[in-house]
Amino acid sequence: MFLRDIQKALGGDIMGEVGVALTGVGTIDGATATEITFLANPKYRSALSSTGAGAVIVGPAHKDLSSLPRIVAANPYAYFARVAQLFSPPQAFERGVHVSSVVHASAQVSPSASVAEFVSIGADTKIGDGVRIGPGSVIGRGVTIGAGTRLAARVTMYDNCHIGARGNIHSGVVIGADGFGFAPDFSATGGSWVKIPQTGGVRIGDDVEIGANTTIDRGAIEDTVIGNDVKLDNQIQIGHNCLVGDHTIISGCVGIAGSAKIGSRVMIGGAAGILGHLEICDGAIISAMTLVTKSITEPGTYTASMPMMKHDEWLKNAVQLRRLDALADAIKKGGQP
Amino acid sequence: MFLRDIQKALGGDIMGEVGVALTGVGTIDGATATEITFLANPKYRSALSSTGAGAVIVGPAHKDLSSLPRIVAANPYAYFARVAQLFSPPQAFERGVHVSSVVHASAQVSPSASVAEFVSIGADTKIGDGVRIGPGSVIGRGVTIGAGTRLAARVTMYDNCHIGARGNIHSGVVIGADGFGFAPDFSATGGSWVKIPQTGGVRIGDDVEIGANTTIDRGAIEDTVIGNDVKLDNQIQIGHNCLVGDHTIISGCVGIAGSAKIGSRVMIGGAAGILGHLEICDGAIISAMTLVTKSITEPGTYTASMPMMKHDEWLKNAVQLRRLDALADAIKKGGQP
Amino acid sequence: MFLRDIQKALGGDIMGEVGVALTGVGTIDGATATEITFLANPKYRSALSSTGAGAVIVGPAHKDLSSLPRIVAANPYAYFARVAQLFSPPQAFERGVHVSSVVHASAQVSPSASVAEFVSIGADTKIGDGVRIGPGSVIGRGVTIGAGTRLAARVTMYDNCHIGARGNIHSGVVIGADGFGFAPDFSATGGSWVKIPQTGGVRIGDDVEIGANTTIDRGAIEDTVIGNDVKLDNQIQIGHNCLVGDHTIISGCVGIAGSAKIGSRVMIGGAAGILGHLEICDGAIISAMTLVTKSITEPGTYTASMPMMKHDEWLKNAVQLRRLDALADAIKKGGQP
């Protein structure tokens, strides 16, 4: 593939041309002479001068930072992503249902879909065109899977859960397990938790990615809802009746308690936690390992992590942290505790 | 279903009666004219005046807050949960073992149990009356599953793990993987970790719920033990040789290290962490994202999360956090650092 | 087994001999008269005087703390682990591929390997001598699994992932799901996330343990790499292009973001988080629930958890935490806020 082939597919301006066809994309440090890389952040400009890449994608402001054959694009990182897609077309797959799989007679599986071995598909479920379902996946009753969506190996979708088109669901994902709802019924002498039946479903939009071993619970009465173009990393937990807005992106190990309402284009850092029944406005950014304990009503970045210290320093500071209110009081009284 | 039908099943007092049969339960904001809702917390009393519900469950103190047909019950939330159960009876299921499943000749499966497709059941395992096992589950050797317990799709129980009656185990759960035990054997020139065989099992009581993708490790020598009526949310990790007391409830993403001893009726908030070899007394409450680093000997609520701030404020406060001990020292010396 | 039999297998010095053959190992508190226990930490010396064990393993410095028949070894804990292994030899297993499993014609499965029921093995994959693969596991194309490695039930290895010899991979593990890489391409009027194809693989060394439901993502372009003798607990997330050095041990629920470079013999406590694109030097120790936000260049213990408090105290201290910078300012100005 030459720069002119890429330009034909994706637009942008060419400056120079490679002498030998490109074979793929590479990182700025690791790319070889037949690979194309990109510069999006000017702080890597020195790496650009020493890159072994055969070509580079740059923004208009940086078009003269390199003398390599190059493509000038408004958003070099997104352009690079699309070039990488050109070099990695979707794998071909066999249509049809593997003989070992068990599909209920009332389920509708598109003839262009692919269902691998050891898959179970329940009654009244609809599998769209070009859908691929990996080995060992279990799809309940009354489920719909939109066109082009891919479920990797060992995905579970419980009854009455729905996902739109072009989704990408990774291995170990569980969609639609019961939300965590129990009413306490204890007296002085005994008692127990009373389960609240979780009869809502899960509705997931188009173009959603869900990382490995992530779980999304079904709603208690109404549905749990995930918008379009939402990107979820691995090991995330989304509680019952959460709403997650379009284009929101959530990093690994995040936990979101029930009935939280997350806006659109929100970005949530890894291992953050969101308490239940609160709202996060559109465009908010939550830092890693931050616990959100009340609603966020204006955009901005919000943080609640402890700064890391050497353990010896931490021990001394932690002592004072426990008596911070007393310290503040001492200051008020004239600095003498 | 009319209020009198509900009263017949569950008790309580009726004030008025619905004109049209109820079809289900609803939230106070979302319920329709054929649904019944509840009021447990007086702060929602204004929502009660505008609810579209056809009937409501209230406590004795709030019986005059609404003129809707209503049921007066001592614990409206628990009563509501039981009403919801009336409207959602357990689904019927087919008895017997699916032809695709592989059951060892020495395993005993009750004729009233249901084993779905692609299930593996090992030697000497006993599956009780009315047990349901979902597709793709893997049950090892010497396992017992008590009457009425349900395993969803893709649950793993390793050898010699036991669960009581009426449990509800969600998809992706792993019970009885090896505990994390390695002895360091390093010298200046080399060495390695030496694995400690994990030969204990897991014993789980009756009426236990285990959420999707939660893991409970087997004991090193003795067993890991989970009491009766314990409720575990999704993505929880319970280390080897933990003991979890009856009625304890643990929210999603909590991690509990090995040999922790958690009392009865303990409540643990989401993403909290419990270090190993410590004890938490009966009735303690641990807040979300709190790290418990030493034993808790008296009931109460314990918290260790950083408060959330705007990132700019956090940056300034974090600087001072790292030198808190020096600040305290300055105060002691007269307020002049 | 008598002490002399253990000594023959593992070395060390014997003081006395048991009168009745030992049947296993036990904890210092729980061992019976036919079990052997150990003392590694002198703080348990009082437990030693009351143990019911029939024999004990001690270090040279503590050889006279007990009059029980005993073995004196340089590293009593590692010695104990090896004794436990003597009492728990690996279970025998049947060689061969279960008739229900689906193995691609181009895959090479060693005749001494064991492939359980409902396993899927892709094209060009190589399964080494003595490998065991549990029920419901899904192995992609171009995978290699080294001799003696064991995959428990329901493990997923995506295409082109590799693991060395003698590994122990627990149920629910997912190796090689896509890394979390999306380029934002938004304008004022719309846009979306553009997926960066994840075309690297995962390379895992020898003697690696991976706990239940842990996930290790494939690299974006280059590989994600896990060294030799690395021990990973349950529910860990390792992002794309991470490097984890030999002998590093990571506790449960840890999340490591993409391109982090973790050294050798690093120890990471439970539920810690490591941000992406940073380095942690050999031998560093990270405390539980600590967020590592920048590179660590010298060994030592690093901590960033909030100390736990009673909730009432926490409420008061948290108020001051939010105005810590103002407090510090007040001190500077003479202690009068």
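Any value given below was found using the heavy atoms of this structure, including those in side chains, with hydrogens, waters and symmetry copies removed.
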I'd like to know if the side chain of [X] and the backbone of [Y] have a donor-acceptor N/O pair within less than 3.5 Å.
{"X": "A/Trp193", "Y": "B/Val230", "value": "no"}
{"X": "B/Asn213", "Y": "A/Asn213", "value": "yes"}
{"X": "A/Gln237", "Y": "B/Ala212", "value": "no"}

Between chain B and each of [options], count heavy-atom pairs under 4.5 Å; write down the option with the most.
{"options": "A/Ser287, A/Gly273, A/Ser305", "result": "A/Ser305"}
{"options": "A/Gly136, A/Ser192, A/Gly179", "result": "A/Ser192"}
{"options": "A/Leu324, A/Thr215, A/Val138", "result": "A/Thr215"}
{"options": "A/Pro184, A/Gly276, A/Gly255, A/Ser137", "result": "A/Pro184"}

Exercise. Quick one: of B/Ala152, B/Gly252, B/Ala84, B/Gly211, who has the most non-hydrogen atom pairs under 4.5 Å with chain A?
Worked result: B/Ala84
For this session: Could you check which of B/Lys231, B/Glu209, B/His98 has the highest count of heavy-atom pairs closer than 4.5 Å to chain A?
Result: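 The residue among B/Lys231, B/Glu209, B/His98 with the greatest pair count is B/Lys231.
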Minimum heavy-atom separation for [X] and [Y], please, with both atom names.
{"X": "A/Val194", "Y": "B/Ala81", "value": "CG1-CB, 3.6 Å"}
{"X": "A/Phe180", "Y": "B/Asp233", "value": "CE1-N, 3.3 Å"}
{"X": "A/Met309", "Y": "B/Leu321", "value": "CE-O, 3.8 Å"}

Exercise. Do A/Thr199 and B/Val25 touch side chain to side chain, with heavy atoms closer than 4.5 Å?
Worked result: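 No, their side chains stay 4.5 Å or more apart.
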Exercise. Heavy atoms, side chains only, cut-off 4.5 Å: are A/Leu327 and B/Ile331 in contact?
Worked result: yes
For this session: Please work out which of the three classes, parallel, tilted or perpendicular, describes the rings of B/His170 and A/Tyr158, given edges at 30° and 60°.
Result: tilted
Give, as side chain, backbone, both or neither, the part of [X] having an atom under 4.5 angstrom from any heavy atom of chain A.
{"X": "B/Pro135", "result": "both"}
{"X": "B/Ala271", "result": "neither"}
{"X": "B/Asn168", "result": "side chain"}
{"X": "B/Arg82", "result": "both"}
{"X": "B/Tyr77", "result": "both"}
{"X": "B/Tyr79", "result": "neither"}
{"X": "B/Asn75", "result": "side chain"}

For this session: Mind checking the CD1-NZ spacing from A/Ile296 to B/Lys310? Nearest 0.5 Å is all I need.
Result: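 Those atoms lie 9.5 Å apart.
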Problem set entry | Distance in Å, B/Met308 CE paired with A/Lys294 NZ, rounded so as to fall on 0.5 Å steps |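 Going from CE on B/Met308 over to NZ on A/Lys294, the span is 7.0 Å.
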For this session: Sort A/Leu291 into side chain, backbone, both or neither according to what part of it lies under 4.5 angstrom from a heavy atom of chain B.
Result: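 Both backbone and side chain.
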For this session: Give, as side chain, backbone, both or neither, the part of A/Asp159 having an atom under 4.5 angstrom from any heavy atom of chain B.
Result: side chain
Exercise. Which residues in residues 85-92 of chain B have a heavy atom less than 4.5 Å from any heavy atom of chain A?
Worked result: B/Gln85, B/Ser88, B/Gln91
For this session: Identify the residues of residues 311-319 of chain B whose heavy atoms come closer than 4.5 Å to a heavy atom of chain A, ordered by number, or report 'none'.
Result: B/His311, B/Trp314, B/Ala318
